[in-house]
Amino acid sequence: MNHGLPDNDVTIEYYDSDYPSQTLSRFAENFDETTEFQGLRHDVARYMEIASGIGKNLDVLEVCCGTGRIAIPLAKEGHRVTAVDLSPGMLNGFSKNLKQCDEQTQSRVALVNQDATELDLDQQKFDLGIIGFNSLLCIPDFEAQQRCLGRIAAHLKPGGLLVIDAVNPLELSMKGSHVPTPFFTRKHSVSGHVYTRFAMSSPFDADHRQRLHGWYDEVTDGGTIRRRPYSMVWRPIFRHELQLMLQQAGFEIESLDGGHCREPYEGTSPRMFVQARLS
Ligand SMILES: C[S@@+](CC[C@H](N)C(=O)[O-])C[C@H]1O[C@@H](n2cnc3c(N)ncnc32)[C@H](O)[C@@H]1O
């Protein structure tokens, strides 16, 4: 989801059901077989593993934190997490999820409403930076993506680690698809209504941008169908482009995996999971 979305945008309303969390989801069955394909099944465990490999009680910066799917489990583990997002609607969802946690966890999270491309947290410096789950791609402009990496670099301690998780664009269709496809059927995290999300995509444009659009069909209490369209733009990044962008922002790449379980990266890998050290 992109800059400038209203707080009542349908993608915000459905976020926790579309992108469920193993630990936070109200309906365990929403964490279904599609979550593997979406790239949500193992990512949080991998962040926990990386953080604990660095140490205890880290200062973690998560930019584009959404509703806390990654940040809240890290805070539960004892890390102090500064969680940044430009959407007040997403941060509102984060606050609601955080209120379900114990007071100590709550006290370890600082929510910040800022644009990651202009991130300014005074003089704060972090051990670990995270821009997870396609979030860099949700800033759909090359220069803005580059500025975001630069602002994260400015907020890491010397030798700090940045982890980026993004879909492997070689696995996407450059031509897109205008055939509406049911993506998944789930329960809405608040109403409990069953809904199906239908997905389509435009061809990549000259700037590598692609529009992802479709609609939600939700079964209401009266048994009628409520249809609501959604639309967002992302800018997938290719492997070598990402590597060069990171180098330009002052990082050295330590590893590139093809998934969240240390799979080696190949052209057919579902993801690009990068660990980069501030040099
Ligand atoms: C795909 S969601 C990921 C949320 C969360 N990290 C997760 O894994 O569930 C992308 C998030 O990036 C946020 N976002 C998009 N552009 C941003 C920007 N320029 N600055 C800060 N947040 C941004 C959106 O509001 C959204 O919450």
Side-chain angles (χ1 to χ4, degrees), residues 1-7 9-15 18-19 34 37-40 63-66 84-87 89-90 114-119 131-152 162 164-184 197-216 227-249 251 253 256 258-259 265-274 276:
M1 50 232 333
N2 308 130
H3 194 275
L5 284 186
D7 288 351
D9 188 82
V10 69
T11 55
I12 295 178
E13 196 183 302
Y14 283 83
Y15 192 85
D18 284 351
Y19 307 104
T34 325
F37 172 77
Q38 289 178 282
L40 302 168
V63 301
C64 304
C65 61
V84 179
D85 203 286
L86 60 62
S87 160
M90 293 296 277
Q114 272 192 29
D115 184 337
T117 67
E118 295 168 14
L119 187 69
I131 178 155
F133 187 49
N134 300 331
S135 296
L136 188 58
L137 319 185
C138 295
I139 303 174
D141 173 83
F142 173 78
E143 276 87 13
Q145 289 172 335
Q146 190 68 331
R147 277 201 307 280
C148 174
L149 295 178
R151 293 316 300 154
I152 296 173
L162 170 61
I164 301 182
D165 179 25
V167 70
N168 178 12
L170 295 175
E171 282 298 279
L172 302 173
S173 164
M174 305 286 133
K175 292 181 181 160
S177 169
H178 291 302
V179 180
T181 310
F183 192 3
F184 45 70
R197 176 170 156 173
F198 289 79
M200 294 181 286
S201 54
S202 73
F204 273 49
D205 72 13
D207 292 318
H208 293 190
R209 293 190 187 100
Q210 183 175 47
R211 183 164 292 281
L212 306 175
H213 55 141
W215 63 81
Y216 295 90
R227 174 165 292 182
R228 295 162 83 195
Y230 71 88
S231 182
M232 65 184 113
V233 177
W234 69 352
R235 183 182 182 277
I237 306 175
F238 289 85
R239 177 233 180 120
H240 290 109
E241 183 186 18
L242 182 58
Q243 288 177 323
L244 288 170
M245 288 169 90
L246 280 164
Q247 280 165 15
Q248 277 190 358
F251 291 97
I253 289 152
L256 166 63
Y265 174 81
E266 301 168 352
T268 54
S269 296
R271 311 218 50 91
M272 299 186 299
F273 190 81
V274 182

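Between His213 and Pro180, the closest side-chain pair of non-hydrogen atoms is not below 4.5 Å. In this structure, Ser177 and Met200 have side chains that are not in contact, with every pair of non-hydrogen atoms separated by 4.5 Å or more. Proximity of Arg271 to Asn134: side-chain heavy atoms (C-beta onward) are separated by under 4.5 Å at one or more points. Side-chain contact between Leu149 and Ile164 is present, with at least one heavy-atom pair separated by less than 4.5 Å. At least one side-chain heavy atom of Leu172 sits under 4.5 Å from a side-chain heavy atom of Trp234. Residues Glu171 and Thr268 have side chains in contact (heavy-atom distance under 4.5 Å, counting atoms from C-beta outward). Using a 4.5 Å heavy-atom threshold, the side chains of Val274 and Phe251 count as separate. The shortest distance between side-chain heavy atoms of Arg147 and Ile139 does not fall below 4.5 Å.
No side-chain donor-acceptor contact under 3.5 Å links Asp115 to the backbone of Leu86. Put simply, the side chain of Arg239 never gets that close to the backbone of Met272: no donor and acceptor are under 3.5 Å apart.
The two residues Gly267 and Leu170 come nearest to each other via the heavy atoms O-CB, 3.5 Å. In this structure, Val63 and Cys148 approach most closely via the heavy-atom pair CG2-SG, 4.5 Å. Considering all non-hydrogen atoms of both residues, Ile237 and Met245 come closest at CG2-SD, 3.9 Å. Listed here is the closest heavy atom pair of Cys64 and Ile131: SG-CD1, 4.2 Å. Between Leu212 and Ser201, the shortest heavy-atom contact is CD2-CB, 3.9 Å.
In summary, of the residues considered (Tyr19, Phe184, Tyr216), a ring-ring contact (aromatic ring centres under 6.0 Å, His included) with Tyr14 occurs for Tyr216 alone.
Of the N and O atoms on the side chains of Ser87 and Asp85, not one donor lies less than 3.5 Å from an acceptor on the other residue.
Within a 6.0 Å radius of CZ in Phe238, more than 12 heavy atoms belonging to other residues, nucleotides or ligands are found.
Classified by interplanar angle (parallel below 30°, tilted 30° to 60°, perpendicular above 60°), the ring pair Phe183/Phe37 is perpendicular.
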Fill in: Derivation and outcome, salt bridge (Lys or Arg N to Asp or Glu O under 4.0 Å), residues Arg235 and Asp207
CA-CA 8 Å; Arg235 183 182 182 277; Asp207 292 318; over 6 Å; no
